[in-house]
Visitor: 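The structure follows.
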Amino acid sequence: MASQTVLTPQADDFPRWYQDVVAKAEMADNGPVRGTMVIRPYGYAIWERIQSAVDARIKQAGAQNAYFPLFIPQSYFEREAKHVEGFSPELAVVTYAGGEELAEPVVVRPTSETVIGEFMAKWIQSYRDLPLLLNQWANVVRWELRPRLFLRSSEFLWQEGHTAHASFEDAAAYARMIHAEVYDDFLEKVMAIPSYLGIKPASERFAGAINSMTAEGMMRDGKALQLATSHELGQNFAKAFDIYFQNEEGQAELCYTTSWGSSTRYVGGLIMAHGDDNGLVLPPQLAPTQAVVVAVRDEADVNDACARVARDLTAAGVRVVVDRGRGSFGRRITDWEIKGVPLRIEVGPRDLAQGVVSVVRRDNGEKLTLPLDSLRQHAIEMLDAMQSNMLEAALKFRDGATYDVKTVGEAIEAAQEGFARLSWDSVGPHGEAVLKTDAITVRCLQRADGSMPDSDTEKNLVCIVAKSY
RNA sequence: CGGGGCGUAGCGCAGCUUGGUUAGCGCGCCUGCUUUGGGAGCAGGAGGCCGCGGGUUCAAAUCCCGCCUCCCCGACCA
């Protein structure tokens with residue numbers, strides 16, 4: 001009966017809390033090879049909902065799904081100097097297969113710009129073939145030194161978009177559109193995570209890009225997490241892979257390409273942006289189970305009533321499961337809380353005698369006693385309210401922990417508990433080096449009004465600096 | 001790669017200093033009964049190449065040598 005701490009409190013040890021949640025909510029396990037991850041059914045169900053929401057937006061943006069191979073000839077990587085330089089340290093390379101040494105080693109893809117570039121060159125002949133808008137859902141491998149489940153694993157799942165365009169302007173506009181209408185829209189509307197959108201300073205740019213955009217979310221411990229990224233690749237990959245098209249005058253021109261990606265890291269962000277000391281808190285739109293109907297006791301009347309409630313809510317489009325009354329009540333509801341299920345509907349003999357049920361909201365703990373006949377409508381309203389409340393709460397938390405400062409010294413102080421925002425001119429490459437000694441980085445550059453700059457050479461930019469995952 | 005630590009049941013650990021024959025504890029798991037409105041109680045039970053290899057000894061989880069692993073802190077990334 002005595003309630004003890006099930007999870008390490010966030011304030012005691014945030015990383016430990018994170019591990020506890022991942023384990024106790026049955027989201028993932030470490031794989032047998034260091035840095036690999038087993039995604040368990042509950043974690044995968046969340047990922048599938050993320051995937052479908054992101055995929056729908058990608059298709060809305062006009063891109064089509066395709067699939068390219070896991071194995072890439074090593075020579076492809078060597079064609080783009082910056083790209084090979086950036087990725088070499090984390091490549092997994094197959095040198096032995098089929099019982100013998102391979103003539104040319106094969107790289108396990110860490111990202112697919114190179115293979116896809118090769119095929120873009122083959123498929124693009126004329127300006128009529130442009131823009132070419134591709135996306136793939138795949139696994140990628142980056143040999144990580146410091147792996148953490150969902151946040152940084154040696155193998156992870158993601159989507160990577162790759163496009164080719166006839167002009168710099170068209171490529172830039174498309175990458176920006178993806179960033180705003182796929183990533184930011186998804187993060188805000190579905191994940192309920194507000195993010196700072198901006199461009200990366202040169203030091204943090206993708207290997208081979210001319211410009212990298214990012215969406216930076218704030219976690220509950222005040223650290224930053226990069227949740228998505230979009231790159232303008234200029235003509236770098238087009239040159240390396242001969243991606244030419246004939247223009248309307250019949251002359252050969254190099255394409256401009258983009259790439260953009262987001263991954264299972266979303267799940268880590270979800271945990272850390274919304275979770276509390278009782279576990280996960282899932283935005284209703286992402287929750288595999290939106291409401292659990294908990295039978296207080298394992299009795300026929302109670303179970304029958306639970307089944308009726310579940311049927312009613314399912315008919316109204318709510319994702320429901322019934323928890324029949326086996327095992328102690330306290331244990332069961334604690335488990336549902338750890339899993340972050342948005343609504344808990346408790347049905348017991350005392351409720352039934354009065355024709356009511358008790359409904360508890362996961363995000364704010366609000367508990368209501370509602371008549372059975374109005375439950376359906378209230379449940380839908382509560383789910384909607386919770387979805388928008390979570391975004392508001394996250395926004396308030398983030399804004400409250402973002403400090404406007406003047407100097408690098410003040411930024412270091414502010415970054416101990418949140419984000420610091422200051423003029424980019426007062427930081428620059430030298431300031432970045434100073435910040436780095438405190439494990440703080442420039443997360444992104446923005447215009448003073450918070451909008452996305454055209455490039456890092458724009459005047460009067462501000463930067464957001466923080467510790468990060 | 002440099003510094004620090006760990007390896008004993010599914011998980012978390014004790015035992016090692018001062019060797020001693022059936023290797024313990026908590027959680028979890030199985031069976032039964034009683035329970036069930038905030039992590040239930042009792043009883044019974046299953047589960048171990050004590051990281052690997054060698055050595056010392058009548059006897060090694062324990063002492064010695066070698067190796068391996070994983071974790072934590074300093075250079076990259078979705």
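Naming: A, B, ... by sequence-line order, numbering from 1 per chain. These numbers come from a predicted model, not from an experiment.
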Visitor: With a 4.0 Å cut-off on heavy atoms, is T111(A) in touch with a base, just the backbone sugar-phosphate, or nothing at all?
Guide: nothing
Visitor: Could you tell me how the ring of F156(A) sits relative to the ring of W158(A): parallel (under 30°), tilted (30 to 60°) or perpendicular (over 60°)?
Guide: perpendicular
Visitor: Rounded to whole angstrom units, what separation is found between the CZ atom of F87(A) and the C1' atom of C77(B)?
Guide: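 About 8 Å, once rounded to whole Å.
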Visitor: Tell me whether the rings of F206(A) and F87(A) are parallel (<30°), tilted (30 to 60°) or perpendicular (>60°).
Guide: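 Ring orientation of F206(A) relative to F87(A): perpendicular.
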Visitor: Could you tell me whether the side chain of R344(A) has a donor or acceptor atom within less than 3.5 Å of a complementary atom in the base of G38(B)?
Guide: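 Indeed, a donor on one side and an acceptor on the other fall under 3.5 Å apart.
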Visitor: Can the ring centroids of F68(A) and H162(A) be said to lie less than 6.0 angstrom from one another?
Guide: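 Here the rings of H162(A) and F68(A) have centres that are no less than 6.0 Å from each other.
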Visitor: Going by an N to O cut-off under 4.0 Å, is there a salt bridge joining R79(A) and E118(A)?
Guide: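 Between E118(A) and R79(A) there is a salt bridge, with a charged N closer than 4.0 Å to a carboxylate O.
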Visitor: Under a 4.0 Å N-O cut-off, is there an ion pair linking E216(A) with K200(A)?
Guide: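 Salt bridge between E216(A) and K200(A), a charged N being under 4.0 Å from a carboxylate O: yes.
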Visitor: On RNA chain B, check which nucleotide each of K367(A) and S262(A) is closest to and give me the residue with the more 5' one.
Guide: K367(A)
Visitor: To the side chain of V296(A), which of C77(B), U36(B), A78(B) is closest?
Guide: U36(B)
Visitor: Classify P349(A) by what it touches in the nucleic acid, base, sugar-phosphate, or nothing, heavy-atom distance under 4.0 Å.
Guide: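 Result for P349(A) = base.
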Visitor: R16(A) CZ to G12(B) C1': how many Å, rounded?
Guide: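 So the CZ-C1' distance, R16(A) to G12(B), works out to 9 Å.
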Visitor: C1' atom, A23(B) versus G48(B): distance in rounded Å?
Guide: 9 Å
Visitor: Counting any heavy atom closer than 4.0 Å, what does E337(A) reach on the DNA or RNA strands: base, sugar-phosphate only, or nothing?
Guide: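 Base contact - E337(A) has a heavy atom under 4.0 Å of at least one base atom.
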Visitor: Given that P147(A) and R265(A) both sit by RNA chain B, which one's nearest nucleotide is further toward the 5' end?
Guide: P147(A)
Visitor: Base, sugar-phosphate alone, or nothing: which one does G348(A) contact when heavy atoms must sit under 4.0 Å apart?
Guide: base
Visitor: If only side-chain N and O atoms of R146(A) are considered, is one of them under 4.0 Å from the OP1 or OP2 phosphate oxygen of C73(B)?
Guide: yes
Visitor: Take atom P in C29(B) and the same atom in C11(B), then report the distance between them in whole Å.
Guide: 15 Å
Visitor: Pairing of RNA chain B as dot-bracket, 5' to 3': ( ) intra-strand, [ ] crossing, | other strand, . unpaired, with Watson-Crick or G-U pairs under 3.5 Å?
Guide: (((((.(..((((......[...)))).((((((.....)))))).....(((((..]....)))))).)))))....
Visitor: So what does L225(A) hit on the nucleic acid, given a heavy-atom distance under 4.0 Å: a base, only sugar-phosphate, or nothing?
Guide: nothing
Visitor: Write down the distance separating the P atoms in C42(B) and U35(B), rounded off to the nearest Å.
Guide: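 Result for the P pair: 15 Å, nearest Å.
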Visitor: Just the rounded figure in Å: distance from C1' of U36(B) to CZ of R332(A).
Guide: 7 Å
Visitor: Using a strict cut-off of less than 4.0 Å between a Lys/Arg side-chain nitrogen and an Asp/Glu carboxylate oxygen, indicate whether D276(A) and R362(A) qualify as a salt bridge.
Guide: yes
Visitor: Please state the P separation for the pair G3(B) and G66(B) - nearest whole angstrom.
Guide: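 About 16 Å, rounded to a whole number of Å.
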Visitor: Sticking with atom C1', work out how far C13(B) lies from U18(B), rounded to a whole angstrom.
Guide: 23 Å
Visitor: A78(B) P sits how many Å from I178(A) CD1, rounded?
Guide: 17 Å
Visitor: Considering only atom P, compute the distance from C52(B) to A61(B) and round it to an integer number of Å.
Guide: 11 Å
Visitor: How is E204(A) classified with respect to the nucleic acid when contacts are heavy atoms under 4.0 Å: base, sugar-phosphate, or nothing?
Guide: nothing
Visitor: Take atom P in G53(B) and the same atom in C16(B), then report the distance between them in whole Å.
Guide: 24 Å
Visitor: Evaluate the criterion salt bridge (Lys or Arg N to Asp or Glu O under 4.0 Å) for residue pair R142(A) and E144(A); output intermediate values, then yes/no.
Guide: CA-CA 6 Å; R142(A) 297 179 184 180; E144(A) 292 291 350; over 6 Å; no
Visitor: When you get a sec, tell me which of C71(B), A78(B), G38(B) is the closest nucleotide to the side chain of R34(A)?
Guide: C71(B)
Visitor: Is it true that a side-chain atom of Y67(A) and a backbone atom of Q136(A) form a donor plus acceptor pair closer than 3.5 Å?
Guide: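 No; judged by distance alone, with no hydrogens or angles, the pair does not exist.
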Visitor: Please check the phosphate of A40(B) (OP1 and OP2 only) for any side-chain N or O of S328(A) closer than 4.0 Å.
Guide: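 Checking S328(A) against A40(B): at least one side-chain N or O falls below 4.0 Å of OP1 or OP2.
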Visitor: Between C67(B) and A59(B), how many Å separate the two C1' atoms, rounded to a whole number?
Guide: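 Taking atom C1' in both C67(B) and A59(B), they lie 26 Å apart.
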Visitor: Identify whether any heavy atom of S88(A) sits under 4.0 Å from a base atom; if not, whether one sits that close to sugar-phosphate; answer base, sugar-phosphate or nothing.
Guide: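 Nothing, no heavy atom under 4.0 Å.
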Visitor: Classify the side-chain pair N139(A)/R109(A) by whether it contains a donor and acceptor separated by less than 3.5 Å.
Guide: yes
Visitor: Check the distance between C70(B)'s P and D29(A)'s CG and give it to me in whole angstrom.
Guide: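 Checked: the CG to P distance equals 17 Å.
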Visitor: Answer yes when D335(A) and K24(A) have at least one side-chain N-carboxylate O distance shorter than 4.0 Å, and no when they do not.
Guide: no
Visitor: Determine whether the aromatic ring of W158(A) stacks with the base of A78(B), defined as ring centroids separated by less than 5.5 Å and ring planes inclined by less than 30°.
Guide: no
Visitor: Would you say K436(A) places a side-chain N or O within less than 4.0 Å of OP1 or OP2 belonging to C76(B)?
Guide: yes
Visitor: Between atom CG in L145(A) and atom P in A75(B), what is the gap in whole Å?
Guide: 11 Å
Visitor: Tell me: CD1 of I338(A) to C1' of G38(B), nearest whole Å?
Guide: 12 Å
Visitor: Whole angstrom is fine here: how far is it from CZ in R297(A) over to C1' in U36(B)?
Guide: 6 Å
